[in-house]
Amino acid sequence: MQSKNSFVAGLFVLALCALVAGGISLYQNIDFWRNGQTATMKLTDPDKKVVSYSDVLSTRTLDVTYVSEAGLLDMPQKAVPSAVAERLIAGEEISITYLTNNPNRIFYQNQRPSKPWVWLIVGFAALGTAIYALRMLKREQGG
């Protein structure tokens with residue numbers, strides 16, 4: 001009987017975790033859709049390239065500017081992946097989409113937030129199965 005209770009509890013935990021993961025991903029998609037601004041990222045001052053380097057995260061901190069229809073947005077000491085930093089230092093401009101409510105959160109070129117649908121489907125399926133299993137368990141116990 002204990003293993004059946006644990007199984008039902010596990011289904012509820014799985015449903016909760018999947019619904020939370022799907023909800024977070026759905027929120028990120030909605031935020032990206034509502035607050036996303038396309039821009040190009042370029043070095044603010046090409047003569048002052050690297051502010052600092054982090055070997056652990058393979059990032060470099062640069063002074064960059066976002067150039068968009070909304071205007072210029074300076075981002076001093078922006079951590080960027082080393083590969084992107086090398087391209088910026090070489091004089092390239094990188095296509096990005098940044099969130100107007102959080103300009104530090106960006107998506108490079110054609111990146112998009114992950115799709116929430118798989119997590120939401122798994123969560124609702126696990127929740128339905130958990131509710132059904134709980135009913136079967138109560139019926140089996142005579143309650």
Side-chain touch T40/I94, heavy atoms, less than 4.5 angstrom: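 No - every pair of side-chain heavy atoms lies 4.5 Å or more apart.
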
query: Do the non-hydrogen side-chain atoms of S95 and T38 ever get within less than 4.5 Å of each other?
result: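 Counting from C-beta outward, S95 and T38 never come under 4.5 Å.
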
Suppose we screen for side chain to side chain contact (heavy atoms under 4.5 Å, CB included). Which residues come up paired with [X], at least two apart in sequence or across chains?
X	answer
F12	V8, L127, A130, I131, L134
L72	T65, V67
A70	Q37, S68
V20	L16, I24

Using every non-hydrogen atom in the two residues, find where [X] and [Y] come nearest and quote the distance to one decimal.
X	Y	result
L88	V64	CD1-CG1, 4.0 Å
L137	K4	CD1-CB, 3.8 Å
A133	L11	CB-CD1, 4.2 Å
G22	P116	O-CB, 3.4 Å
Q77	D63	N-OD1, 2.8 Å
G23	L120	N-CD2, 3.9 Å

- request: Mind jotting down which residue pairs meet the salt bridge (Lys or Arg N to Asp or Glu O under 4.0 Å) criterion with at least one end in residues 91-102? Sequence neighbours excluded, please.
  value: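 Output for this query lists R87-E92.
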
task: Would you mind listing every salt bridge (Lys or Arg N to Asp or Glu O under 4.0 Å) that reaches into residues 65-84, with sequence neighbours excluded?
output: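 Non-adjacent pairs meeting salt bridge (Lys or Arg N to Asp or Glu O under 4.0 Å): zero.
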
query: Passes side chain to side chain contact (heavy atoms under 4.5 Å, CB included), Q141 versus N5? Steps please.
result: CA-CA 11 Å; Q141 292 175 352; N5 288 338; 4.0 Å; yes

task: Start with the C-alpha distance between M75 and M41, add both sets of side-chain angles, then the distance that settles side chain to side chain contact (heavy atoms under 4.5 Å, CB included), and finish with yes or no.
output: CA-CA 10 Å; M75 296 297 293; M41 177 192 292; over 6 Å; no

So which pairs with a foot in [range] pass side-chain hydrogen bond (donor to acceptor under 3.5 Å, both in side chains), sequence neighbours left out?
range	result
residues 14-24	none
residues 9-27	S25-S114
residues 120-131	none

query: So if you build clusters from Ile, Leu, Val, Met, Phe, Trp, Tyr with side-chain heavy-atom gaps below 4.5 Å, do L73 and V80 land together?
result: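 Both belong to a single hydrophobic cluster.
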
query: Can you get from I30 to L19 by hopping between Ile, Leu, Val, Met, Phe, Trp and Tyr side chains that sit under 4.5 Å apart?
result: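 Result: yes, single cluster for both.
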
Show me the donor-acceptor pairs within less than 3.5 Å that the side chains of residues 99-106 make with the rest of the protein, sequence neighbours left out.
unit_1: T100; atom_1: OG1; unit_2: N35; atom_2: O; d: 3.3
unit_1: N101; atom_1: ND2; unit_2: D31; atom_2: OD1; d: 3.1
unit_1: N102; atom_1: OD1; unit_2: N104; atom_2: N; d: 3.4

task: Can you run down the ring pair (Phe, Tyr, Trp, His ring centres under 6.0 Å) pairs that involve residues 59-105, sequence neighbours left out, and say none if there aren't any?
output: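 Ring pair (Phe, Tyr, Trp, His ring centres under 6.0 Å) check on residues 59-105 returns Y66-Y98.
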
task: If a pair satisfies ring pair (Phe, Tyr, Trp, His ring centres under 6.0 Å) and one of its residues is in residues 101-123, list it, with sequence neighbours excluded.
output: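 Checked against ring pair (Phe, Tyr, Trp, His ring centres under 6.0 Å) - neighbours excluded - the pairs reaching residues 101-123 are F32-F107.
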
